[in-house]
Amino acid sequence: MASAVAGDVSAGASGSPLVLNRRTGPSNFVRALPPVAVLALVFLYPLALVVQQSVSPDEGGTSLAPYGDVFASASFRSALTTTVWLAAGSTAGCLVLGFVLALVIAFVPFPGARAVARFIDVFLSFPSFLITLALLFVYGTVGMANGVWTDVTGAADGPFHFLTTPWGVLLAEITYFTPFVMRPLLAAFSQLDTAQLEVASSLGAKPARIVRQVILPEALPALAAGGSLVLVMCLNEFGIVLFTGAKGVTTLPMLVYGKAILESDYPAACVVAVVNIAISVGLYSLYRMVSRRVGA
């Protein structure tokens, strides 16, 4: 037996691959049961209840009538349109602002650049409503900006009231989600060969051309991954819309809240939730595919 083991070791040392046979049998199945049961209980069972409730009208039985009623309602179409354009607009704004800020942090030397880069990591852990409250303190109806305006001009009211509009929600989402684009960009920029930049500069290329032809192609995978993630999170954002107090802005998560809590229409709320989940899962699959291709 010792000679057989020695032969296997010598075979591995000579370069031939060693194949370790994994034991398969009932024991592996038994060990897999607890995590699968926890996953089913915590995630899959509530999701199944939502799907079941979405096909269970108040009259009883099983029917797709709740889907037809929700899809035919103007409130659902308006919420879907608002959700899509807010998510797309926020993602576009995050991509542009995140790319510019990441360029400055990575390639423009200034005191505290490393501290700012580390703060980006800390910022990712902040809750979204905290950023919204900060914007309310600055630009709210009774915020600092309006207070300074009334003190200087003597007017009874300030000019800043945009936070309760869709543009305020857009600003809050761009402010909160931009670091989620900057993080992968900074990681990509740290791996960029600076010799390429030096060669391009020595050949007389302007900074704008260097960014367009050297840096941007290297940043495209990180932009795609960060943008996909931001798009998914914006589609499901609830706290920002709620805390801005934008009463005229109804997204799909807000519609779920209104149908379930305010109207007690649980089948309709579950229908909207199922639609939101389907869109989110589809976009998350796209995000994973992009991340896999760029090695994120």
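All heavy atoms count here, side chains included; hydrogens, waters and symmetry mates do not.
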* Can you list every salt bridge (charged side-chain N to carboxylate O under 4.0 Å, His left out) pair that touches residues 128-149, not counting sequence neighbours? -> none
* Structure fact -> Shortest non-hydrogen pair, Pro166 vs Leu86, comes out as O-CD2, 3.8 Å
* If a pair satisfies salt bridge (charged side-chain N to carboxylate O under 4.0 Å, His left out) and one of its residues is in residues 264-279, list it, with sequence neighbours excluded. => none
* To do: To the nearest 0.5 angstrom, please state how far the CD1 atom of Ile215 sits from the CG atom of Leu185.
  => 11.0 Å
* Is the side chain of Thr178 donor-acceptor paired with the backbone N or O of Gly98 at a distance under 3.5 Å, no angle test? -> no
* Structure fact -> Applying side-chain hydrogen bond (donor to acceptor under 3.5 Å, both in side chains) to Ser54 and not counting sequence neighbours gives Tyr67
* Output the distance between atom CG (Leu170) and atom OG1 (Thr165), rounded to the nearest 0.5 Å. => 9.0 Å
Show me the donor-acceptor pairs within less than 3.5 Å that the side chains of residues 219-227 make with the rest of the protein, sequence neighbours left out.
none

* Hey, what do you get for CE (Met182) to CG (Leu101), rounding to the nearest 0.5 Å? -> 4.5 Å
* According to the salt bridge (charged side-chain N to carboxylate O under 4.0 Å, His left out) rule, which pairs have a member within residues 163-189, sequence neighbours left out? -> Asp121-Arg183
* Asked: Does Asn236 have any side chain to side chain contact (heavy atoms under 4.5 Å, CB included) partners at least two apart in sequence or in another chain, and if so, which?
  -> Val232, Asn276, Ser280
* Structure fact -> In short, Ile240 meets Ala172 closest at the heavy-atom pair CG2-CB, 3.6 Å
Let me have the donor-acceptor pairs involving side chains of residues 143-158, under 3.5 Å, with sequence neighbours excluded, atom names and distances please.
from   : atom 1 : to     : atom 2 : distance (Å)
Asn146 : OD1    : Phe160 : N      : 2.9
Asn146 : ND2    : Gly140 : O      : 2.7
Asn146 : ND2    : Thr141 : O      : 3.2
Asn146 : ND2    : Phe160 : O      : 2.9
Thr150 : OG1    : Asn146 : O      : 3.1
Thr150 : OG1    : Gly147 : O      : 2.9
Thr153 : OG1    : Trp149 : O      : 2.6
Thr153 : OG1    : Ala155 : N      : 3.3
Asp157 : OD2    : His161 : NE2    : 3.3

* Side-chain (Ser78) to main-chain (Ala74) donor-acceptor, under 3.5 angstrom -> no
* Approximate separation, where rounding is to 0.5 Å, of Cys234 SG and Phe180 CZ -> 9.5 Å
* Structure fact -> Residues pairing under ring-ring contact (aromatic ring centres under 6.0 Å, His included) where one sits in residues 201-220, two or more places apart or in two chains, turn out to be none
* Say whether, by atom type as modelled, one donor and one acceptor occur between the side chain of Tyr176 and the main chain of Phe126 under 3.5 angstrom. => yes
* Asked: For Leu136, which residues count as a side chain to side chain contact (heavy atoms under 4.5 Å, CB included) partner, sequence neighbours excluded?
  -> Leu133, Leu163
* **Parallel, tilted or perpendicular: ring planes of Phe76 versus Phe71, cut at 30 and 60 degrees** => tilted
* Asked: What closest approach, in Å, do Pro57 and Pro267 show between heavy atoms, and which atom pair accounts for it?
  -> CA-CG, 4.4 Å
* Asked: If we ignore angles and hydrogens, is there a donor and acceptor under 3.5 Å between the side chains of Glu237 and Thr251?
  -> no
* Donor-acceptor contact below 3.5 Å, side chain Ser90 vs main chain Ala87 -> no
* Asked: Atom CD1 of Ile131 and atom CZ of Phe177: how far apart are they, to the nearest 0.5 Å?
  -> 10.5 Å
* **Interatomic distance, Thr132 atom OG1 to Leu171 atom CG [nearest 0.5 angstrom]** => 9.5 Å
* With sequence neighbours excluded, what pairs up with Val104 under the side chain to side chain contact (heavy atoms under 4.5 Å, CB included) test? -> Val108, Phe110
* Asked: For residues 190-240, which residue pairs qualify under ring-ring contact (aromatic ring centres under 6.0 Å, His included), counting only residues two or more places apart or in two chains?
  -> Phe238-Tyr257
* To do: Would you please name every residue forming a side chain to side chain contact (heavy atoms under 4.5 Å, CB included) with Pro127, sequence neighbours left out?
  => Phe129, Leu130
